Amino acid sequence: MIEARSLTKRYGSKTAVDDLTFSVQPGVVTGFLGPNGAGKSTTMRVAIGLDRPTKGKITVNGRAYRDFSAPLCEVGVLLEAKAVHTGRSAYKHLLAVAQTQGIPRRRVDEVLGLVGLSDVAGKRVGGFSLGMGQRLGIASAMLGDPGVLILDEPVNGLDPEGIRWIRTLLQTLAAEGRTIFVSSHLMSEMALTATHLIVVGRGKLIANMSVEDFIRSASGDLVHVRSPEANRLAEVLDRENAKTTPTGLDTLAVNGLTAQRIGDLAFEAGVPLHELTPRQVSLEDAFMDITRDAVEYNHGQPQQARVPASATAAGGSVDDGSVGAGATTARGRA
Amino acid sequence: MTTTPLGSGETLQPRIAAPAPVRQPAAFHTTAKVTISRVLRSEWTKLTSLRSTMWTMLAALVVTVGFGCLIPAITVSEWHNSTPQERAENFTEPVMTSLAGGYFSQIAIGVLGVLLITGEYSTGMIRTSLGAVPHRLPVLFAKAAVFGVASFALSLVSILTAFFCGQAILHQIGLGVSIGDPHVVRVLLGGAFFVTTIGLLGLALGTLIRSTGGSIAALLGLIFVVPIITGLLPGDWGSIHKFVPDGGGEALVTVVRDSDVMTPLGGLVVLLAWIVVGLGAAAYTMVRRDA
Ligand SMILES: Nc1ncnc2c1ncn2[C@@H]1O[C@H](COP(=O)(O)OP(=O)(O)O)[C@@H](O)[C@H]1O
Ligand SMILES: [Mg+2]
């Protein structure tokens, strides 16, 4: 279990993490979600004692990281920026790390096998692809067979196969009862991997809830309706305080009513229905909705015309434009 | 959609997670613990697993031995072209003649000391190192110990080889000394210790400055520019030179001593003081700054 209490970290006048309080439970994958620059990496660095908090604290299983006599056996870490000397072979890198606390040599072979790097164990890390680098990072995190894993953007830059591999691995590790805390700026990825979400923006906690609740609360459910009398149906539904948006000649996107209720209302009004399909609003939309303020504050730009979630969802497209734009706010560390 | 139930200021409470299944910890958990001897072993693995480090050390050895044979060979040919008076004045330090390569190996070892730590900062490896050893100081001191011992051993081997080669050549003109002669062992050990000191100062500067370029510049400034400046100082101020690393090293390797140079013991104390102050400052910043 990981617990942050009023955690605050400032770099000069820049507040990277602002009074964060949350806890991460064992047994499930917990996603740490937020646009770039939200303070995810900083929180993780503070958690393992690399950066000193300005205020508050973060503990693992009730203890400060530096109090562990064999930290790698308690907490495994994958940092966003590769934390490996490029001139060393994968094997020697892991060996040197393992030796600091008496983790046996055979465990090095084991984790290399676990991540599928046994064949290239003797090769210099500098020649590794992004995916191999991430696998080495996972191997390093797993060296001490820890009960808690902290992974910063582990799927960054991976191909679909690599992403699926990490996703499955994390879920397996969580099912074994480990605490898995994994950050990402991609909602879609977290939806597939995580069960629970901690969402941050501008260093502040925005949401702390299950993925299911997150989607439900961020954007209401949406129903796609097709009817030859779409206009008349819209009038009927509007009277019930639903929000209707025409999405074609004979189609509507309806917010605020269940499919069942729409069907009943149409029947009462004598409007024929040709299609009645509940649709969930896309996760990216839910995420953008909830972090919009944070992202735009970072830009220091006037607010963009807001695309109604219903319209994007009905169109079936995910407008990740502003999430991508958020990426431009990420600044390199000085 | 018109409403977002969750405003950006609000926070929903987490649901209670299901009780987690019990996991058997790995067998090695019972013995795993960070100890200084384990960190030493880890730093030894790090030192010996970088090809660039090995090449630099080999270069230091080759240069020391190479110049240790070359300069005496040049000395021999000059000897034949000199008047008896020149011979008496200019050929007084036969041991130093075979230690000329030390000037270059101090650069190699010094730069290596810098790279030992700045290489970790530039690649991000330092975060892995300090994450594994959160108390941090064991990492710095184990690095210093392993590197200090390795560079002293390497320097001593190359200096001894250079000495035997160079003195064999100088024997042709009757100038060669043997290892049993007065001061010789002290000069050879002193030379190796001086090179080691420069390596450790490189490590200290690298830890303080973190960037490779800046640290190397600072180190070269300390060992080459500072002596020039102290040499230009007027009057008694010039004796400051005794207390800079170059002066300390000079005291260790000089046989024919003039009044500006300390005793060998004094030189040893000066170098030890530089090591203690340098590594002390490095340790202080390493525990205080964010990694
Ligand atoms: N070492 C540092 N010095 C100064 N500012 C920093 C440092 N590390 C992070 N920041 C700033 O803190 C904020 C949060 O960064 P970070 O934790 O990397 O966010 P995320 O991982 O969510 O993208 C950013 O604005 C970043 O520029
Ligand atoms: Mg980050």
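From a predicted model like this one, the values you see are computed outputs, not experimental measurements. Below, read A as the first sequence line, B as the second, and so on, with proteins coming before strands; counting in each chain starts at 1.
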For chain A, the option from B:Leu50, B:Thr128, B:Ile126 that forms the most heavy-atom pairs under 4.5 Å: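 Ranked by contacts with chain A, first place is B:Leu50.
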
Could you go through residues 64-82 of chain A and list every donor-acceptor pair under 3.5 Å that involves a side-chain atom there, pairing it with any protein atom two or more places apart or in another chain?
unit_1, atom_1, unit_2, atom_2, d
A:Tyr65, OH, B:Gly131, O, 2.5
A:Arg66, NH2, B:His135, ND1, 2.9
A:Glu80, OE1, A:Ser41, OG, 2.8

Counting only heavy atoms not in B:Phe224, do more than 12 fall under 6.0 Å of its CZ?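 More than 12 within 6.0 Å, yes.
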
Would you mind telling me which of A:Gly144, A:Ser89, A:Gly126, A:Ala98 has the largest number of heavy-atom pairs within less than 4.5 Å of chain B?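 Heavy-atom pairs under 4.5 Å are most numerous for A:Gly144.
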
Please tell me whether B:Ser49 and A:Arg88 have a donor and an acceptor in their side chains that are separated by less than 3.5 angstrom.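 Checked: B:Ser49/A:Arg88 side chains pair up, N/O donor to acceptor below 3.5 Å.
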
Flag yes if more than 12 heavy atoms outside B:Arg210 fall under 6.0 Å of its CZ atom; otherwise flag no.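 Counting other residues, nucleotides and ligands, CZ of B:Arg210 exceeds 12 neighbours.
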
Which heavy-atom pair separates B:Arg136 from A:Gly49 by the least distance, and what is that distance?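 In terms of heavy atoms, the two residues are closest at NH2-O, 2.9 Å.
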
Less than 4.5 Å apart, any side-chain heavy atom of A:Gln99 and any of B:Thr45?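 SC-SC contact between A:Gln99 and B:Thr45 confirmed.
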
For A:Leu143 and B:Phe28, which heavy atoms make the closest approach, and how far apart are they?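 Smallest heavy-atom distance, with atoms named: O-CZ, 3.5 Å.
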
Could you tell me which residues satisfy salt bridge (Lys or Arg N to Asp or Glu O under 4.0 Å) with A:Lys9, sequence neighbours excluded, listed by chain and number?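 Only B:Asp290 meet the salt bridge (Lys or Arg N to Asp or Glu O under 4.0 Å) criterion with A:Lys9.
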
If you count heavy-atom pairs under 4.5 Å between each of A:Lys92, A:Arg52, A:Lys204 and chain B, which one has the most?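 When all of A:Lys92, A:Arg52, A:Lys204 are compared, A:Arg52 has the most.
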
Go through A:His85 and B:Thr123 one step at a time and tell me if the side-chain contact (heavy atoms from CB on, under 4.5 Å) criterion holds. CA-CA 5 Å; A:His85 198 300; B:Thr123 57; 4.1 Å; yes

Top of B:Ser42, B:Ser52, B:Gly124 for chain A proximity - count of heavy-atom pairs under 4.5 angstrom: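 Option with the greatest count: B:Ser42.
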
Is it true that atom CZ of A:Arg105 has more than 12 heavy atoms of other residues, nucleotides or ligands lying nearer than 6.0 Å?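 Open.
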
Separation of A:Ile103 CD1 from B:Lys33 NZ (nearest 0.5 Å):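 Result: 14.0 Å between the selected atoms.
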
Of B:Thr35, B:Thr31, B:Val39, B:Val34, the residue whose pairing with A:Gln101 passes side chain to side chain contact (heavy atoms under 4.5 Å, CB included):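 When B:Thr35, B:Thr31, B:Val39, B:Val34 are each tested with A:Gln101, the side chain to side chain contact (heavy atoms under 4.5 Å, CB included) holds only for B:Val34.
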
May I ask you to name which of B:His29, B:Arg288, B:Arg41 has the most heavy-atom pairs under 4.5 Å with chain A?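 Most pairs with chain A among the choices: B:His29.
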
Can you confirm whether A:Arg45 sits close enough to B:Arg127 that some side-chain heavy atom of one is under 4.5 Å from a side-chain heavy atom of the other?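 A side-chain contact exists here, since the closest heavy-atom pair is under 4.5 Å.
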
